[in-house]
Amino acid sequence: MSAVLRVRDLRVHLESRRSRFELAVDSLDLVSGEVLAVLGANGAGKTTLLRALAGLVPVDAGRIERTAAGPVTLVFQRPIAFSGTVAHNVRVALIGARLPRGERDARVAEALGRFGIATLAERSATRLSGGELRRLALARAFALRPSVLLLDEPFDDLDAAAQRSLGLDLRRAIEQTDAAVGVVTHDLRQAVSLADRIAVLAAGRLLQVGRTADVLAAPVDAVAARTVGMRNLVPGTLRGGAVVVDGDHRVHVHTGLPDGSAVWLGLRPEHVKLDVGRGTTAPIGKGVVRRIASDGVLTQVTLEWAGHELETHLLSGRGLARTLRAGDGVVLSVAADDAHVMPRDEG
Amino acid sequence: MTELTPALLLAITGRTLLVSFCALVAAVGIGVPVGIWLGARTFRGRSGVIAIVNSGMGAPPVVVGLGVALLLWRTGPLGTLEMMYTPQAMVLGQILIALPLVVGITLAAVAALDESWDLQVRTLGVPGLSRIWLLLREIRQGLLAAVIAALGGILSEVGAVMMVGGNIAGETRVLTTAIMMRTRMGDFEAAIGLAAVLLGLMFVLAAVLTVVQQGGRR
């Protein structure tokens, strides 16, 4: 698959009376048939990046090259509904395509069907619910058959069930096109389930781009780590193939960084294993349970280990999740392959 | 005193409609694009321009009439056009009365749209002319309100048309100036007849526009 949108040395300055913001992206490609999720905290510049890619904000330097002929379209975080029917709203997107009436109507019907709103075709678009409007906006964008499809927080303000069902429809729709898709979201789960690649943005800078699994396992720094859900970040020093934390706690790691380096030890919650009172293959020492909270599916356990808080997950209603109490002592273990090391600036 | 014959009434009504129609078309033709531009753009001094438009919406017609009279007076800057006491002068006065209403209501309708409206339409690849059509369609409730307000202002206005038209029989006499004159002369019967025609006109035109406006609500 080839890059249909190439960003090189992009600089965008936004200035208002109250604030100043700079977006700097040195290199980013959107590839046909692939989904790129852009992750970042509020104010990281995700929406500005999408708007720049869509040609909606002036670029101060660098270039955005398009190599495909099809349209580039962006679905906004708060999509608008034109007065008129739902079908009219999709037809609007096809005005520029100048299709014969029959073909146009077929495309409208196909797009509405794809997002499960065919029965709403003759309903007034301004009276749709938030979830229905989101589906309409996606149907409108897909009807255009874009070469680049950009989605700004497509799941924002939807409840969990609506998010799941829209996520399924969106995935199916994406699979049926060869558009390059760029999706901005703060929802890590949706990003992981949709994306082939992840880009991490922080304070207007692109920190990292890579295959989803690679970025999740090996974020480049602590900011990227927090953004991709590596919630346990512990400062330590590298000595003899292990990160030494708080003097006497050692966690074995695989890293190319030199001995004596100040590092962050990054552990995804699912990689911190618990075993009450019993040793495991790669023990890292004892911890004490501080808090336990369950959402019915996962039980989140917060522990104190080596003077730091660590988070881990257990499946609710099974094994340890049923018996563990705050104050319990547990032995923690981490596999060396799951422990990620990032350089730490001591300044 | 000339009797108000049906032929005379018809002539006055016809002239009223013609003058008002010309003024309305010009005010809408100028005011809608200006209102859209003001509603959609941000620039330094925009608030000041909008404040002028808003105060213009309540400008006393006699003051507008005075301004037009000063312009068109023989010694005024446009005196050589010899437009004073002509229907054209009345149209000019009425345009100036209706224009702030059209601009003000149109810009409010545009400003009420989502901030990103234009960007979202552009990202759907809708070409330029179709974008304008879509925008007009979207704000049509506001546009019709602007037309109704402008029509009301124009049809009921008497101060300016009296000053710059002069109420000359057969030339610049319209329903409002004729009502004023007949009342001054004590011919209440004719004044009431003229007033009934004016009210009837206003009602019919407003009703038609309202039906159009409400029909468009979906």
Side-chain angles (χ1 to χ4, degrees), chain A residues 16-17 47-48 50-58 69-99 111 122-128 133 136-152, chain B residues 32 35-36 39-51 105-148 209-218:
Chain A
S16 70
R17 242 177 264 173
T47 295
T48 305
L50 275 203
R51 290 190 179 189
L53 296 180
L56 298 178
V57 293
V72 175
T73 193
L74 166 61
V75 177
F76 279 60
Q77 187 170 1
R78 305 207 183 293
I80 52 167
F82 302 110
S83 57
T85 63
V86 168
H88 163 76
N89 268 262
V90 181
R91 276 197 296 270
V92 165
L94 299 174
I95 291 174
R98 296 178 186 281
L99 300 171
E122 295 311 313
R123 178 95 69 85
S124 167
T126 51
R127 292 186 190 152
L128 295 179
L133 178 58
L136 166 59
L138 289 168
R140 200 158 54 187
F142 274 87
L144 267 173
R145 306 222 171 128
S147 63
V148 178
L149 173 64
L150 305 164
L151 308 172
D152 193 355
Chain B
V32 169
I36 289 175
R41 297 291 161 133
T42 49
F43 55 89
R44 200 181 288 263
R46 179 173 178 267
S47 305
V49 175
I50 292 175
I105 298 173
T106 305
L107 92 83
V110 173
L113 289 174
D114 189 287
E115 221 180 345
S116 66
W117 194 91
D118 190 49
L119 289 182
Q120 297 209 34
V121 176
R122 272 166 58 193
T123 192
L124 290 174
V126 180
L129 276 179
S130 302
R131 270 206 327 258
I132 295 172
W133 171 80
L134 260 184
L135 174 66
L136 293 176
R137 193 174 182 278
E138 218 52 37
I139 61 166
R140 64 187 185 279
Q141 303 282 334
L143 289 182
L144 281 164
V147 171
I148 292 171
L209 289 168
T210 307
V211 167
V212 174
Q213 186 186 39
Q214 297 305 311
R217 284 184 82 160
R218 288 204 49 157

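Quick note on labels: first sequence line is chain A, next is B, and so on, each numbered from 1.
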Response to the item:
Shortest non-hydrogen pair, A:R51 vs B:S116, comes out as NH2-CB, 4.5 Å

Discussion item. Quick one, B:Q141 and A:S83 - any side-chain contact, counting heavy atoms below 4.5 Å?
Written reply: no

Worksheet item: Measuring heavy-atom distances to chain B, does A:P79 have an atom under 4.5 Å in its side chain, in its backbone, in both, or in neither?
Response: both

Worksheet item: Using non-hydrogen atoms only, which part of B:L113 is less than 4.5 Å away from chain A: side chain, backbone, both, or neither?
Response: neither

Fill in: Heavy-atom pair count under 4.5 Å with chain B, highest-scoring of A:V72, A:T73, A:I80
A:I80

Worksheet item: How close do B:P127 and A:G96 get, heavy atom to heavy atom, and via which atoms?
Response: CD-CA, 3.8 Å

Discussion item. For A:L144, which atoms come within 4.5 Å of any heavy atom of chain B: side chain, backbone, both, or neither?
Written reply: side chain

Discussion item. Only pairs of heavy atoms separated by less than 4.5 Å count here; which of A:L94, A:L150, A:I95 has the most with chain B?
Written reply: A:I95

Worksheet item: Roughly how far, to the nearest 0.5 Å, is CZ of A:F76 from OG1 of B:T123?
Response: 6.0 Å

Worksheet item: In Å, rounded to the nearest 0.5 Å, how long is the span from CD of B:Q120 to CG of A:L56?
Response: 9.5 Å

